[in-house]
Amino acid sequence: ASGDAKDVITLNVSGETMAAKRSTLQIADDSVLAQQFDDSKWTDQGHSSSARAKEWAPDEVGGWAKNIDGIPENIGTILEENE
């Protein structure tokens with residue numbers, strides 16, 4: 001995934017709108033997210049510049065991930081370190 005705006009994904013996570021780079025969602029190679037956003041399967045879904053999402057700092061994303069059941073703790077740490 002490149003740094004193009006089309007590679008920024010807007011997600012609705014339990015009613016909270018978040019934006020993340022596809023490359024961030026692909027950190028855990030064998031995860032469902034990594035497979036879903038893999039270049040071989042990804043089709044540009046379009047993006048709207050009018051969509052507003054909260055900007056999260058890496059430590060916020062990591063902390064959030066650490067509190068989600070089923071996400072290994074080391075993934076939260078990886079997300080925190082991935083600036």
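A pairwise comparison of heavy atoms in Ala34 and Ser31 identifies N-OG, 3.0 Å as the closest pair. Considering every non-hydrogen atom in both Glu80 and Gly63, the closest pair reads OE2-N, 3.7 Å. Pairing each heavy atom of Glu16 with each of Trp56, the nearest pair is CG-CZ2, 4.2 Å.
Between Ile27 and Leu79, some side-chain heavy-atom pair lies under the 4.5 Å cut-off.
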Full working for side chain to side chain contact (heavy atoms under 4.5 Å, CB included) between Asp29 and Gln35: CA-CA 8 Å; Asp29 295 333; Gln35 294 172 21; over 6 Å; no
Step by step, would you call Gln26 with Asp38 a side chain to side chain contact (heavy atoms under 4.5 Å, CB included)? CA-CA 7 Å; Gln26 295 173 306; Asp38 180 78; 4.2 Å; yes
Candidate pair Thr10 and Thr17, rule side chain to side chain contact (heavy atoms under 4.5 Å, CB included), full reasoning: CA-CA 7 Å; Thr10 303; Thr17 302; 3.5 Å; yes
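Judged as a side chain to side chain contact (heavy atoms under 4.5 Å, CB included), and not counting sequence neighbours, the contacts of Ile71 are Ala65, Ile68, Ile75.
With hydrogens and angles disregarded, no donor-acceptor distance shorter than 3.5 Å links the side chain of Glu81 to the backbone of Ile78.
Hydrophobic clustering (side-chain heavy atoms under 4.5 Å, transitive across Ile, Leu, Val, Met, Phe, Trp, Tyr) keeps Val32 apart from Leu25.
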